[in-house]
Chemist: 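To start, I am sharing the structure in question, which I have written as structure tokens.
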Amino acid sequence: MTGKAMIISVGGSPEPIVFTIKENRPDFVCFFASEQSVDKVGEIKNGLGFSIRDCKVLVRDHQNILECYRRSLECIERVREAGYNNGEVLVDFTGGTKPMSAALFSVTLAEGCSFVYVGGNERDKNSLGIVKEGTEKIIPCNNPWDLYFVEQRKNLCLFFNRYQFAAGREIISGVLDHCREESPEKDLFEGLKLVVEGYFEWDRFKHKEARELLAEARELLTVFARLTRNVKAGDFLAGLEFNLQYLNEFSRDTRGYKDLSRWHVLDMLGNAHRRFREGRYDDAIARLYRVLEMSAQWKLNSAHGIDTSSVPANKVPEAIRAEYIKKYSRGDILQLPLTASFRLLHVLGDPMGNVFNGQREEVDKILHVRNYSILAHGIQPVGAEPFKKFAVQVMNICHVDAAELPEFPMLIL
């Protein structure tokens with residue numbers, strides 16, 4: 001294994017470092033040394049028999065892991081300044097104190113560097129000390145990023161299951177930058193990239209884009225699950241398949257999501273509950289308000305042929321016509337707000353309007369909370385309890401059962 005540049009931790013013995021530089025022949029070396037070991041750098045360079053470009057990064061307290069970590073970050077910066085990217089860097093953490101080696105490994109692992117270690121069959125101090133000169137050998141490390149995948153999977157699941165899709169995309173991007181082409185992890189994360197992007201688009205109400213991305217993700221993850229016999233991937237695929245069926249039916253019944261429908265009501269309710277689980281109560285209750293508004297708009301249009309944004313006066317029953325003309329006229333048409341829409345449904349004898357009218361007092365209390373929230377017309381944040389109460393009332397008014405709401409599957413890897 002060779003690297004165009006190396007970062008090498010320096011300890012009390014120069015021989016292993018001379019050996020690793022001779023074996024790997026880097027163009028540039030960053031020596032990571034303590035104040036006690038920096039004098040060894042000259043000895044190391046003299047023992048090479050050829051010249052190298054180099055720099056030195058000193059750590060003042062070689063027993064302090066945080067100090068070592070900060071200086072390890074500086075090593076990465078110095079190598080970049082020398083013109084090398086992380087993929088061209090080989091790290092040898094053989095020398096130095098344990099805090100120095102641990103810090104250097106941790107920092108450069110996250111940067112996607114490669115690693116070697118100088119070992120040997122013979123050591124001093126009854127096989128417990130340093131490798132004896134002349135017995136050194138390079139021990140290449142399997143790509144440690146493969147081990148790091150385990151932690152990245154956990155982080156991705158955490159973010160995905162909390163609907164933090166942008167953060168999930170960042171994790172996947174980092175993983176894919178360091179996956180070997182033949183690694184099964186690459187196939188998995190390529191599929192998960194589409195999954196995260198698909199649900200991200202869905203969460204932003206971009207249903208067409210979501211359906212296309214998730215359909216492509218299904219194909220990749222199906223192949224991965226079959227080849228690896230990964231049960232967890234199979235379980236996630238079942239939830240993904242159910243969601244795709246939902247999006248397909250949604251599209252079919254709405255001319256590609258264009259016509260307002262009950263599907264939109266269900267989808268907005270699902271979105272409201274996701275915001276609630278995130279603790280974003282103001283966002284959640286704002287969506288519940290939109291659910292009510294959307295439900296009245298859909299019901300008036302689908303059952304009575306009335307568009308709330310453009311209502312001819314003769315479509316309004318005579319009992320309330322004069323009042324509505326006075327309050328809601330916009331030229332030759334009427335434009336109806338939420339409560340006026342539900343009152344019209346009630347006068348028309350529609351069951352949805354009747355249920356709303358029967359709960360009007362309680363609904364008005366919740367609407368008051370919403371109207372004075374910071375995302376409406378006031379400055380008061382909304383808590384969890386108003387959302388819970390309002391959600392029950394909204395689902396009752398809209399004749400929605402919790403089982404009908406679209407649920408994103410849990411990602412467990």
Chemist: Considering only heavy atoms from C-beta outward, does the side chain of Trp202 approach that of Asn271 to under 4.5 Å?
Modeler: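 They are not in side-chain contact.
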
Chemist: Do Arg162 and Glu278 sit within salt-bridge range, that is, some charged N less than 4.0 Å from a carboxylate O?
Modeler: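 Salt bridge flag = no for Glu278 with Arg162.
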
Chemist: Can you tell me how far the NE2 atom of His62 sits from the SG atom of Cys68, to the nearest 0.5 Å?
Modeler: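 Those atoms lie 8.5 Å apart.
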
Chemist: Give a yes or no on this: more than 12 heavy atoms of other residues, nucleotides or ligands lie within 6.0 Å of atom CG of Asp332.
Modeler: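 Incorrect, the count does not exceed 12.
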
Chemist: Can you list the steps and then say if Lys22 with Leu48 is a side-chain contact (heavy atoms from CB on, under 4.5 Å)?
Modeler: CA-CA 7 Å; Lys22 285 183 175 181; Leu48 292 176; 4.2 Å; yes

Chemist: Please output the side-chain donor-acceptor pairs of residues 206-215 that fall under 3.5 Å, not counting sequence neighbours, one pair per line with the distance.
Modeler:
{"unit_1": "His207", "atom_1": "ND1", "unit_2": "Phe205", "atom_2": "O", "d": "3.2"}
{"unit_1": "His207", "atom_1": "NE2", "unit_2": "Asp267", "atom_2": "OD2", "d": "2.7"}
{"unit_1": "Lys208", "atom_1": "NZ", "unit_2": "Glu212", "atom_2": "OE2", "d": "2.8"}
{"unit_1": "Arg211", "atom_1": "NH1", "unit_2": "Asn248", "atom_2": "OD1", "d": "3.4"}

Chemist: Side chains of Phe250 and Pro406: closer than 4.5 Å at any heavy-atom pair?
Modeler: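 No. Closest side-chain heavy atoms not under 4.5 Å.
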
Chemist: Would a distance-only check, ignoring hydrogens and angles, find a side-chain to backbone donor-acceptor pair under 3.5 Å from Ser251 to Leu247?
Modeler: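 Judged by distance alone, no pair lies under 3.5 Å.
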
Chemist: To the nearest 0.5 Å, what is the distance between NZ on Lys40 and CD on Glu15?
Modeler: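 Between Lys40 NZ and Glu15 CD, I get 8.0 Å after rounding to 0.5 Å.
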
Chemist: State, with a plain yes or no, whether a side-chain heavy atom of Ile412 is found less than 4.5 Å away from one of Phe236.
Modeler: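 No. Closest side-chain heavy atoms not under 4.5 Å.
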
Chemist: Heavy-atom distance under 4.5 Å between the side chains of Arg321 and Ile325, does that happen here?
Modeler: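 Yes. Closest side-chain heavy atoms under 4.5 Å.
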
Chemist: Tyr281 and Phe276: aromatic ring centres closer than 6.0 Å?
Modeler: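 Yes: the rings meet the under 6.0 Å criterion.
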
Chemist: Can you list the steps and then say if Val369 with Lys365 is a side-chain contact (heavy atoms from CB on, under 4.5 Å)?
Modeler: CA-CA 7 Å; Val369 173; Lys365 291 179 183 178; over 6 Å; no

Chemist: Measure the CD1-CZ distance between Ile7 and Phe115 for me, rounded to the nearest 0.5 Å.
Modeler: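 Rounded to the nearest 0.5 Å, the CD1-CZ separation comes to 9.0 Å.
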
Chemist: For Asn396 and Gln393: C-alpha separation, side-chain torsions, deciding distance, then whether side-chain contact (heavy atoms from CB on, under 4.5 Å) applies.
Modeler: CA-CA 5 Å; Asn396 186 32; Gln393 291 172 331; 5.7 Å; no

Chemist: Would a distance-only check, ignoring hydrogens and angles, find a side-chain to backbone donor-acceptor pair under 3.5 Å from Glu88 to Asn85?
Modeler: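 Yes, the answer is positive, given that a donor and an acceptor are paired below the 3.5 Å cut-off.
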
Chemist: With a distance cut-off below 6.0 Å to the six-membered ring centre and an angular limit of 45° from the axis, does Arg78 pair with Phe32 as a cation-pi contact?
Modeler: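 No, Arg78 and Phe32 do not form such a contact.
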
Chemist: Would you say that Asn301 contacts Gln297 through its side chain, given a criterion of any heavy-atom pair below 4.5 Å between the two side chains?
Modeler: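 No, every pair of side-chain atoms sits at 4.5 Å or beyond.
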
Chemist: If every non-hydrogen atom of Ile17 is compared with every non-hydrogen atom of Gly11, which pair is closest and at what distance?
Modeler: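 Closest approach of Ile17 to Gly11, heavy atoms only: CD1-N, 4.3 Å.
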
Chemist: Can you confirm whether Ile306 sits close enough to Leu348 that some side-chain heavy atom of one is under 4.5 Å from a side-chain heavy atom of the other?
Modeler: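 With C-beta onward as the side chain, the pair touches.
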
Chemist: What side-chain donor-acceptor pairs closer than 3.5 Å can you find for residues 216-224, not counting sequence neighbours?
Modeler:
{"unit_1": "Arg218", "atom_1": "NH1", "unit_2": "Glu241", "atom_2": "OE1", "d": "3.2"}
{"unit_1": "Arg218", "atom_1": "NH1", "unit_2": "Glu241", "atom_2": "OE2", "d": "3.0"}
{"unit_1": "Thr222", "atom_1": "OG1", "unit_2": "Arg218", "atom_2": "O", "d": "2.6"}

Chemist: Rounded to the nearest 0.5 Å, what separation is found between the NE2 atom of His304 and the OG atom of Ser302?
Modeler: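 So the NE2 of His304 and the OG of Ser302 are separated by 7.5 Å.
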
Chemist: Looking at every heavy atom in both Leu405 and Gly270, which two are closest together, and how far apart are they?
Modeler: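 Answer, listing the atom of Leu405 first, then Gly270: CD2-N, 4.4 Å.
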
Chemist: Going by atom types alone, do Asp92 and Thr94 pair a side-chain donor with an acceptor below 3.5 Å?
Modeler: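 Distance-only check passes for Asp92 and Thr94.
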
Chemist: Take Glu385 and Lys389 through the test salt bridge (charged side-chain N to carboxylate O under 4.0 Å, His left out) and record every step on the way to the result.
Modeler: CA-CA 6 Å; Glu385 287 308 312; Lys389 292 178 181 178; 5.8 Å; no

Chemist: Does any non-hydrogen side-chain atom of Ile397 lie less than 4.5 Å from one of Ser295?
Modeler: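 When only atoms from C-beta onward are counted, Ile397 and Ser295 do not touch, as no gap falls below 4.5 Å.
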
Chemist: Should the pair Glu323-Lys326 be classified as a salt bridge under the 4.0 Å nitrogen-to-oxygen rule?
Modeler: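 Salt bridge: no.
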
Chemist: Can you establish whether the number of heavy atoms outside Arg60 located under 6.0 Å from its atom CZ is more than 12?
Modeler: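 12 or below, so no.
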
Chemist: Flag the pair Asp203 and Arg275 as a salt bridge only when some basic side-chain nitrogen lies within less than 4.0 angstrom of an acidic carboxylate oxygen.
Modeler: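 So Asp203 pairs with Arg275 through a salt bridge.
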
Chemist: Begin with the C-alpha distance, continue with both residues' side-chain angles, and end with the deciding distance and a verdict on side-chain contact (heavy atoms from CB on, under 4.5 Å) for Tyr324 and Val311.
Modeler: CA-CA 10 Å; Tyr324 270 44; Val311 185; over 6 Å; no

Chemist: Please tabulate, for side-chain N and O atoms in residues 373-383, each donor-acceptor pair with protein atoms closer than 3.5 Å (sequence neighbours left out).
Modeler:
{"unit_1": "Ser373", "atom_1": "OG", "unit_2": "Arg370", "atom_2": "O", "d": "2.8"}

Chemist: Rounded to the nearest 0.5 Å, what separation is found between the CD atom of Gln164 and the CG atom of Leu158?
Modeler: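 Interatomic distance, Gln164 CD to Leu158 CG, rounded to 0.5 Å: 9.0 Å.
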
Chemist: Does Ser101 reach the main-chain N or O of Gly95 with its side chain, forming a donor-acceptor pair under 3.5 Å?
Modeler: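 Between the backbone of Gly95 and the side chain of Ser101 there is a qualifying donor-acceptor contact (under 3.5 Å).
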
Chemist: Going through the checks in order, is the ring-ring contact (aromatic ring centres under 6.0 Å, His included) test met by Trp263 and Tyr246?
Modeler: CA-CA 9 Å; Trp263 290 100; Tyr246 172 94; 5.1 Å; yes

Chemist: Working to the nearest 0.5 Å, report the span between OG1 of Thr254 and CZ of Arg252.
Modeler: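 Going from the OG1 atom of Thr254 to the CZ atom of Arg252 covers 9.5 Å.
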
Chemist: Under 3.5 Å, is there a donor-acceptor pair between the side chain of Asp27 and the main chain of Ala5?
Modeler: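 Checked: no pair found.
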
Chemist: Has the side chain of Arg287 got a donor or acceptor atom that lies under 3.5 Å from a matching backbone atom of Asp283?
Modeler: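 Between the backbone of Asp283 and the side chain of Arg287 there is a qualifying donor-acceptor contact (under 3.5 Å).
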
Chemist: Tell me whether Glu67 is salt-bridged to Arg70, with the criterion being a basic N under 4.0 Å from an acidic carboxylate O.
Modeler: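 Answer for the salt bridge query: yes.
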
Chemist: Is the shortest distance from a Lys or Arg side-chain nitrogen in Arg277 or Glu407 to a carboxylate oxygen in the other one below 4.0 Å?
Modeler: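 Yes, charged N to carboxylate O under 4.0 Å.
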
Chemist: So do Phe390 and Val291 actually touch side chain to side chain, heavy atoms under 4.5 Å?
Modeler: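 A side-chain contact under 4.5 Å is absent here.
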
Chemist: Closest heavy-atom contact between Pro16 and Val118?
Modeler: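 Of all heavy-atom pairs spanning Pro16 and Val118, the closest is O-CG2, 3.6 Å.
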
Chemist: State whether the side chain of Ser37 and the backbone N or O of Ser34 hold a donor-acceptor pair below 3.5 Å, judged by distance alone.
Modeler: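 Answer holds: yes.
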
Chemist: Can you say whether the rings of Phe93 and Phe105 are parallel (under 30°), tilted (30 to 60°) or perpendicular (over 60°)?
Modeler: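 The rings of Phe93 and Phe105 stand perpendicular, inter-plane angle above 60°.
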
Chemist: His264 side chain to Ser261 main-chain N or O, any donor-acceptor pair under 3.5 Å?
Modeler: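 Confirmed, His264 side chain pairs with Ser261 backbone.
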
Chemist: Indicate the atoms forming the closest heavy-atom contact of Met395 with Asp401, along with that distance.
Modeler: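 The answer is CE-C, 3.9 Å.
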
Chemist: So, for Ala313 and Leu334, which heavy atoms are closest and what is the spacing to 0.1 Å?
Modeler: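 Nearest pair, atom of Ala313 first, then Leu334: CA-CD1, 4.3 Å.
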
Chemist: Do the rings of Phe160 and Phe165 sit parallel, tilted or perpendicular, given the 30° and 60° boundaries?
Modeler: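 Answer is perpendicular, since the angle exceeds 60°.
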
Chemist: Looking only at heavy atoms, what is the nearest atom pair of Cys398 and Met352, with distance?
Modeler: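 Looks like CA-CE, 4.1 Å.
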
